[in-house]
Protein chains: 2
Amino acid sequence: MGIEPEFIGYMAAFCTTISFLPQAYLTLKTRDAESLSLGMYSTFTLGVLLWLLYGLLIEDKAIVFANVITFVLSATILIFKIYHTLTRAK
Amino acid sequence: MGIEPEFIGYMAAFCTTISFLPQAYLTLKTRDAESLSLGMYSTFTLGVLLWLLYGLLIEDKAIVFANVITFVLSATILIFKIYHTLTRAK
């Protein structure tokens with residue numbers, strides 16, 4: 001086949017990253033994270049960080065690229081969620 | 001370091017897969033997919049399928065393992081969503 005694995009990797013990265021964007025956009029726009037699960041976002045963000053570390057260790061650009069973007073989005077949502085949880089607890 | 005990249009990969013796979021389980025469980029249990037976005041799930045499922053293909057092409061077990069499980073979960077949710085959309089349209 002003429003299609004490079006790297007191209008498939010970037011296509012995959014593009015799809016999974018853009019499918020995550022609407023949630024990130026909504027959370028950043030409304031600054032509301034009440035209906036999001038803290039447990040789920042903590043686990044997901046940790047998972048994305050580990051994928052990023054894995055991509056760096058095996059020197060795979062598509063994995064690093066996808067997970068840097070997703071980590072920034074996911075960590076931003078998680079910080080909003082933690083801030084929201086802490087301020088409500090007061 | 002004593003930690004193998006493969007171990008990091010499986011840890012990453014574990015975290016991102018289990019963070020996806022609550023949604024899959026809820027959808028399968030309630031058989032309700034009304035509040036899910038068809039566009040988001042289509043794109044995400046395609047992305048996971050491409051990651052799976054990428055994992056097979058670069059022969060990376062952690063990527064294949066993670067994406068086989070996530071693809072089954074995501075495709076199941078997507079099928080419920082499509083079925084729901086079609087039956088409502090009648």
Side-chain angles (χ1 to χ4, degrees), chain A residues 1-27 35-71 73-75 77-78 81, chain B residues 1-27 35-71 73-75 77-78 81:
Chain A
M1 281 212 304
I3 298 174
E4 293 288 318
E6 202 173 357
F7 177 73
I8 303 287
Y10 280 111
M11 289 270 288
F14 179 76
C15 287
T16 52
T17 304
I18 62 160
S19 71
F20 196 71
L21 275 177
Q23 182 61 66
Y25 175 76
L26 191 73
T27 307
S35 63
L36 300 177
S37 157
L38 181 60
M40 190 195 134
Y41 266 88
S42 307
T43 311
F44 183 76
T45 305
L46 176 65
V48 172
L49 191 64
L50 288 170
W51 276 123
L52 176 56
L53 182 60
Y54 182 65
L56 291 169
L57 286 171
I58 68 167
E59 295 177 4
D60 185 301
K61 282 180 198 165
I63 296 173
V64 171
F65 174 77
N67 287 288
V68 161
I69 297 172
T70 310
F71 178 73
L73 296 172
S74 181
I77 293 172
L78 184 62
K81 179 66 192 176
Chain B
M1 283 212 305
I3 298 173
E4 294 288 317
E6 202 173 358
F7 177 73
I8 303 286
Y10 279 110
M11 289 270 287
F14 180 76
C15 288
T16 51
T17 304
I18 63 162
S19 71
F20 196 70
L21 276 178
Q23 182 61 67
Y25 175 76
L26 191 73
T27 307
S35 62
L36 300 176
S37 156
L38 181 60
M40 187 193 139
Y41 266 88
S42 306
T43 312
F44 183 75
T45 306
L46 175 65
V48 171
L49 191 64
L50 288 169
W51 276 123
L52 176 57
L53 181 61
Y54 182 65
L56 290 169
L57 287 170
I58 68 165
E59 296 178 4
D60 185 302
K61 283 180 200 165
I63 295 173
V64 171
F65 174 76
N67 288 290
V68 161
I69 297 173
T70 310
F71 178 73
L73 296 172
S74 180
I77 294 172
L78 184 62
K81 180 65 192 175

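Within every chain, numbering begins at 1; the chains are lettered A, B, ... in the order of the sequence lines, protein sequences first and strands thereafter.
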Atom OH of B:Y10 with >12 non-hydrogen neighbours under 6.0 angstrom: yes
Over 12 non-hydrogen atoms of neighbours within 6.0 angstrom of CZ in B:F14: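 Counting other residues, nucleotides and ligands, CZ of B:F14 stays at 12 neighbours or fewer.
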Could you look at A:D60 and say if it's the side chain, the backbone, both or neither that has a heavy atom under 4.5 Å from chain B? side chain
So for A:A66, is it side chain, backbone, both, or neither that comes closer than 4.5 Å to the heavy atoms of chain B?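 The side chain, not the backbone.
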Just give me the residue among B:A12, B:P22, B:P5, B:G47 that pairs up with chain A most often, heavy atom to heavy atom, under 4.5 Å.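 Counting heavy-atom pairs under 4.5 Å, the top option is B:A12.
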Relative to chain A, which segment of B:Q23 carries a heavy atom at a distance below 4.5 Å: side chain, backbone, both, or neither?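 Neither part.
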Measure across [X] and [Y] and return the closest heavy-atom pair with its distance rounded to 0.1 Å.
{"X": "B:I8", "Y": "A:L57", "answer": "CG1-CD1, 3.9 Å"}
{"X": "A:F44", "Y": "B:S19", "answer": "CD1-OG, 3.3 Å"}
{"X": "B:L50", "Y": "A:C15", "answer": "CD1-SG, 4.1 Å"}
{"X": "A:T16", "Y": "B:V48", "answer": "CG2-N, 3.9 Å"}

Quick check for you: to the nearest 0.5 Å, what is the distance between A:M11 atom CE and B:L46 atom CG? 6.5 Å
Begin with the C-alpha distance, continue with both residues' side-chain angles, and end with the deciding distance and a verdict on side-chain contact (heavy atoms from CB on, under 4.5 Å) for B:I63 and A:Y54. CA-CA 10 Å; B:I63 295 173; A:Y54 182 65; 4.3 Å; yes
